[in-house]
Amino acid sequence: MPKIEIQQLVETAITVSPDTLIRELKKCINGGEALRAAVVLEGERPLGLIMSHHLDRALSHRYGVSLYHNRSVAHIMDARPLLVPAAASLEAVAAKAMDRLPNRVYDHILVVDKGCYLGIVTVRRLLTTVAAQYRDTTNNYARINTRLNEEIQERRSAEAALQRSRRMLQLVIDSIPQSIYWKGADSIYLGCNQNFLDDLGKTSRDAVIQHSDQEIRAQADEARFTSEED
């Protein structure tokens with residue numbers, strides 16, 4: 001499976017300085033999607049993360065509506081967001097994301113390069129991409145496995161057809177009344193018919209195939225065989 005780095009999924013997000021007032025952030029973060037996020041930066045270094053659905057909860061539980069106006073975002077940010085290097089693989093990041101607390105299951109992941117902020121990736125998008133990647137890989141493996149099985153079956157069928165052809169050819173050759181044999185370039189017997197075996201007094205082709213004349217004939221047999229052929 002080809003490696004996909006987390007930086008390939010990076011998206012932009014709202015960024016604010018740690019001294020930004022909560023009321024200013026609230027105007028930006030509460031519009032549009034429910035799971036929007038803001039990254040708190042000091043220069044290019046990420047300090048924390050604030051998500052829209054955590055913002056209202058923090059204000060109501062910790063400060064109350066009347067107190068949030070004059071406080072900075074540093075008071076309510078998640079100061080320990082999930083930071084991952086840009087070159088990290090999706091599988092490695094997904095493993096870290098799944099270890100997060102249940103109430104942070106929709107957290108955004110902050111992607112950094114040498115400590116500098118690059119962007120965010122939602123855990124939902126991360127897990128969806130990983131699942132799709134594994135599904136594609138599984139499908140590819142299934143297709144490869146199917147093709148291999150088909151090829152194995154084709155080879156078996158071809159081998160069976162070849163064996164049938166060889167048996168038929170041997171039957172034809174055995175029906176010829178003359179002695180027939182064939183050798184390789186090194187004068188080693190590669191095959192023969194039944195009449196050739198009878199002339200040699202052999203009962204099995206194994207006694208002839210892959211042997212030389214010196215190995216299959218005694219001296220007296222050679223003289224008789226040569227005389228009969230003459």
Side-chain angles (χ1 to χ4, degrees), residues 1-140:
M1 182 170 58
K3 177 183 175 181
I4 299 180
E5 298 177 348
I6 190 65
Q7 62 184 331
Q8 295 176 244
L9 303 182
V10 161
E11 301 175 3
T12 58
I14 299 170
T15 57
V16 295
S17 62
D19 57 355
T20 301
L21 297 181
I22 293 175
R23 68 168 179 263
E24 296 172 358
L25 172 62
K26 192 171 174 64
K27 294 176 183 177
C28 301
I29 201 172
N30 278 357
E33 300 177 16
L35 294 177
R36 300 187 72 195
V39 181
V40 182
L41 295 180
E42 186 174 57
E44 295 184 357
R45 185 170 64 93
L47 297 180
L49 177 71
I50 304 172
M51 295 186 64
S52 58
H53 71 295
H54 291 157
L55 176 60
D56 291 331
R57 182 186 306 171
L59 292 176
S60 62
H61 289 179
R62 291 161 59 182
Y63 305 113
V65 176
S66 62
L67 297 179
Y68 76 82
H69 292 278
N70 297 319
R71 291 185 177 273
S72 67
V73 295
H75 288 83
I76 62 171
M77 70 180 183
D78 176 4
R80 293 187 301 169
L82 181 54
L83 298 177
V84 297
S89 67
L90 297 190
E91 293 83 357
V93 178
K96 289 184 178 181
M98 295 301 290
D99 287 337
R100 301 283 277 176
L101 297 175
N103 63 343
R104 295 182 176 180
V105 77
Y106 293 109
D107 266 357
H108 291 62
I109 300 164
L110 302 188
V111 182
V112 295
D113 184 15
K114 298 179 181 178
C116 296
Y117 169 75
L118 289 183
I120 63 172
V121 176
T122 64
V123 173
R124 178 175 291 179
R125 184 183 183 193
L126 167 66
L127 298 182
T128 300
T129 303
V130 171
Q133 187 180 18
Y134 273 104
R135 183 172 61 251
D136 292 342
T137 302
T138 301
N139 291 339
N140 287 337

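We use all heavy atoms of the structure for the numbers below, so side chains are in, but hydrogens, waters and symmetry mates are not.
Leu49 and Pro81 get closest at one heavy-atom pair: CB-CB, 4.0 Å. In this structure, Gly48 and Leu110 approach most closely via the heavy-atom pair O-CD1, 4.2 Å. Nearest heavy atoms, Leu41 versus Pro46: CD2-CA, 3.6 Å. For the residue pair Leu118 and Ala86, the shortest heavy atom distance occurs at CD1-CB, 3.6 Å.
Between His75 atom NE2 and Leu21 atom CG the span is 10.5 Å, to the nearest 0.5 Å. Taken from CG in Leu82 to CD1 in Ile120, the straight-line distance is 12.5 Å, to the nearest 0.5 Å. Distance check: Ile14 CD1 to Ile50 CD1 gives 10.0 Å after rounding to the nearest 0.5 Å. Expressed to the nearest 0.5 Å, how far CZ of Arg124 lies from OG1 of Thr129 amounts to 12.5 Å. In this structure, CZ on Arg71 lies 15.0 Å from CG on Leu25, to the nearest 0.5 angstrom.
A salt bridge (Lys or Arg N to Asp or Glu O under 4.0 Å) check over residues 12-21, counting only residues at least two apart or in different chains, returns nothing. Sorted by first and then second residue, the salt bridge (Lys or Arg N to Asp or Glu O under 4.0 Å) pairs involving residues 110-120 (not counting sequence neighbours) form an empty list. Pairs engaging residues 41-51 under the side-chain hydrogen bond (donor to acceptor under 3.5 Å, both in side chains) rule: Glu42-Arg45 [sequence neighbours left out].
For Thr20, the side chain to side chain donor-acceptor pair (under 3.5 Å) test picks out Ser17, with sequence neighbours left out. Pro18 meets the side-chain contact (heavy atoms from CB on, under 4.5 Å) test with Val40, Leu47, Ala74; sequence neighbours excluded.
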Can you give each donor-acceptor pair under 3.5 Å made by side-chain atoms of residues 4-13, sequence neighbours left out, with the distance rounded to 0.1 Å?
unit_1, atom_1, unit_2, atom_2, d
Glu5, OE1, Gln7, NE2, 2.5
Gln8, OE1, Glu5, N, 3.0
Glu11, OE2, Arg125, NH1, 3.0

